[in-house]
Novice: 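Quick one: the structure is below, and I'll ask about it shortly.
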Amino acid sequence: MSKQLSSAIARHVLPFTKRATSVAKPMVARMSKHQQASLQSEDYIKPTTEQSKSAVTQRSSASSGGDTSKLTQLANGVRVATEASQGHFASLGVYVDAGSRFEDDYTRGVSHILDRLAFKSTKNRTSEKMVADLEAAGGNVMCSSSRESIMYQCALLPQDLPSMLEIMADTIQNPIISEVELEEQQVSAGHEINEYWQKPEAILPELLHTVAFKDNTLGNPLLCPIEKLETMSINNVKTFMNTWYKPERIVVAAVGADHDYVVDLTTKFFGDMKAPFSSSDSSSGSSSAPTTQPSKGGLFTSLFGKKQEQDAKGTNSTILRPNFDTLSQEKAHYTGGMCLIEDASQQFSHINVGFEGLSIHDDDIYALATLQLLLGGGSSFSAGGPGKGMYSRLFSNVLNHHAWIESCMCFNHCYSDSGLFGISGSCYPGYEQMLLEIIARELELTTRTTRGGILQVELDRAKNQLRSSVLMNLESKMVQVEDLGRQVQVHGYKVAADELCARIEKVTRQDMIRVARRVFGGGVAKVTGGSGLPSIVAQGNVKGLEGAEKVLAHHGLGNNPKWN
């Protein structure tokens with residue numbers, strides 16, 4: 001176990017912060033007579049001896065239900081992972097070890113734009129032909145980016161695996177990225193960013209990361225900064241891809257397909273991969289030879305108006321190749337801090353209080369995952385019912401007692417080397433200080449061994465919810481393939497669902513208290529070197545929150561020597 005507890009927990013039970021996501025082409029699977037016939041035939045290509053030699057490492061691991069996941073590494077470093085699954089459909093994914101944490105000043109925001117440029121024109125296909133080929137293959141195709149990964153995924157019929165994997169390989173290795181395509185995505189991303197800023201529940205988690213990891217790694221924004229949109233060039237995008245799209249950073253995963261067959265296809269389409277662009281394709285040059293690009297106008301400036309046009313006047317976008325050795329090994333550094341945004345137009349005031357959480361490699365991640373389910377929470381209105389979290393602490397102690405609170409829920413974002421854990425809430429204006437007190441109280445109660453502390457019945461309920469959540473999410477093939485691909489990308493192997501459940505079951509009440517004190521008391525800093533301070537972000541009527549750190553400190557939260 002270990003880089004972002006299983007992907008099943010890391011993504012679905014301990015979700016990452018909201019990802020910038022784009023669906024390339026939503027396709028409804030269509031079956032022609034030829035395709036129907038192919039379901040009855042074994043038209044798989046057989047691995048040749050020469051291709052088999054390129055698969056240098058293979059590992060099998062048991063998973064729940066008696067199935068096994070298999071892993072093979074090609075000679076160039078590309079890893080291929082598969083898992084057996086019943087049903088008429090399969091799922092396919094290609095996962096690149098890239099994302100916003102690997103951006104620098106010259107490539108800031110590229111991840112956000114890059115996932116939008118997937119499945120466009122390539123050296124082998126025009127944009128029209130790409131659409132036609134996707135429609136012919138069928139399935140639901142998407143590309144999304146997160147802080148630590150860029151994911152190309154698809155649900156499809158098994159016989160369409162060769163064509164779909166070839167399309168994914170083409171869009172990863174041979175994109176053209178024309179000026180027209182880039183400008184279209186700049187405009188689209190601009191609209192998306194404006195919409196995010198109108199939704200505090202969407203933008204505050206982003207701001208919380210920026211405050212918690214100020215100016216480093218996980219603090220890099222998922223959304224492309226507005227000022228970077230206009231000056232972004234084709235060279236920015238190609239430089240980023242040329243730096244991070246390396247075969248040893250790529251995992252090809254498939255669920256519901258024969259392992260040897262997928263290895264053979266991957267060898268065919270990725271076996272010769274060295275880098276997606278040659279030096280002649282990208283004018284980024286070396287780190288000592290910057291390339292400048294003039295700023296753009298057109299659709300972008302018409303979208304953002306005169307102010308942005310004036311701001312960009314006379315500016316240049318300087319492109320430098322990112323320092324791979326430095327950025328790929330840079331550890332997240334938690335700083336903590338506070339950001340208050342006064343906004344009288346908001347119907348509610350929104351508060352996020354976070355502390356440095358645990359990395360996916362930490363043995364206590366199972367206890368922290370259980371603690372998130374135990375605190376739970378939600379909005380003031382919920383369909384509710386058994387299994388919906390209505391008996392969680394934030395529902396029972398907060399939402400059911402205070403009508404002025406609109407929402408209150410626990411969040412947990414875990415990554416390869418750090419994390420964020422805390423509570424977000426919203427209330428009617430004028431109640432901000434009271435909401436902060438309630439959040440602090442609920443966090444402090446979990447550190448107690450006596451009155452108000454965690455009860456065994458609460459722990460048992462939370463563990464059952466966590467196990468159920470893991471297993472139910474894995475019923476979806478799209479979730480299953482992402483779980484498989486991300487686990488291999490993060491851990492180097494697949495952690496079986498039954499092993500996850502066994503580790504969750506071992507969590508004790510003493511573990512929960514110890515982990516709560518470790519996180520809320522700033523003890524994680526002993527391992528990561530972080531500050532141990534809280535991170536606080538709020539929007540709305542925030543005038544009464546200037547002394548928020550003192551309120552938390554009064555409850556023993558944040559870099560408290562009492563727990564260290």
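Values reported hereafter were calculated over all heavy atoms of this structure, with side chains retained and with hydrogens, waters and symmetry mates removed. Numbers here simply count residues along the sequence, with the first being 1.
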Novice: Using 0.5 Å steps for rounding, measure from the CE atom of Met472 to the CZ atom of Arg467.
Specialist: 12.0 Å

Novice: Identify whether the distance between the nearest side-chain nitrogen and carboxylate oxygen of Arg486 and Asp483 falls below 4.0 Å.
Specialist: no

Novice: Would you please indicate yes or no on a ring centroid separation below 6.0 angstrom for Phe213 and Tyr334?
Specialist: yes

Novice: State plainly whether the residues Lys477 and Glu482 are in salt-bridge range, i.e. N to O under 4.0 Å.
Specialist: no

Novice: Hey, would you say the Phe520 and Phe355 ring centroids sit under 6.0 Å apart?
Specialist: yes

Novice: Can you tell me how far OG of Ser416 sits from CD of Glu148, rounded to the nearest 0.5 angstrom?
Specialist: 3.5 Å

Novice: Using the side chain to side chain donor-acceptor pair (under 3.5 Å) rule, take Thr217 and Glu330 through it: C-alpha gap first, then chi angles, then the decisive distance, then the call.
Specialist: CA-CA 7 Å; Thr217 58; Glu330 184 179 4; 5.5 Å; no

Novice: With a 6.0 Å cut-off (strictly less than), is the heavy-atom count around CZ of Phe348, excluding the residue itself, greater than 12?
Specialist: yes

Novice: For a side-chain contact (heavy atoms from CB on, under 4.5 Å) check, start with the C-alpha distance between Thr210 and Glu206, then their side-chain angles and the critical distance, and finish with the verdict.
Specialist: CA-CA 6 Å; Thr210 302; Glu206 274 298 289; 5.6 Å; no

Novice: For Gln433, does the CD atom have more than 12 heavy-atom neighbours from other residues, nucleotides or ligands under 6.0 Å away?
Specialist: no

Novice: Quick one: do Met512 and Leu374 satisfy side-chain contact (heavy atoms from CB on, under 4.5 Å)? Show the steps, please.
Specialist: CA-CA 10 Å; Met512 298 282 281; Leu374 185 143; 3.9 Å; yes

Novice: Do you know which of Asn352, Ile351, Asp343 makes side chain to side chain contact (heavy atoms under 4.5 Å, CB included) with Gln539?
Specialist: Asp343

Novice: Run Arg518 and Asp362 through side-chain contact (heavy atoms from CB on, under 4.5 Å) and show every step you take.
Specialist: CA-CA 12 Å; Arg518 181 185 174 194; Asp362 198 297; 2.8 Å; yes

Novice: Using a strict threshold of under 4.0 Å (side-chain N to carboxylate O), is an ion pair present between Asp363 and Arg503?
Specialist: no

Novice: With a 6.0 Å cut-off on ring centres, are His401 and Phe395 close enough?
Specialist: no

Novice: Return the orientation label for the Trp244 and Phe102 ring planes: parallel under 30°, perpendicular over 60°, tilted otherwise.
Specialist: tilted

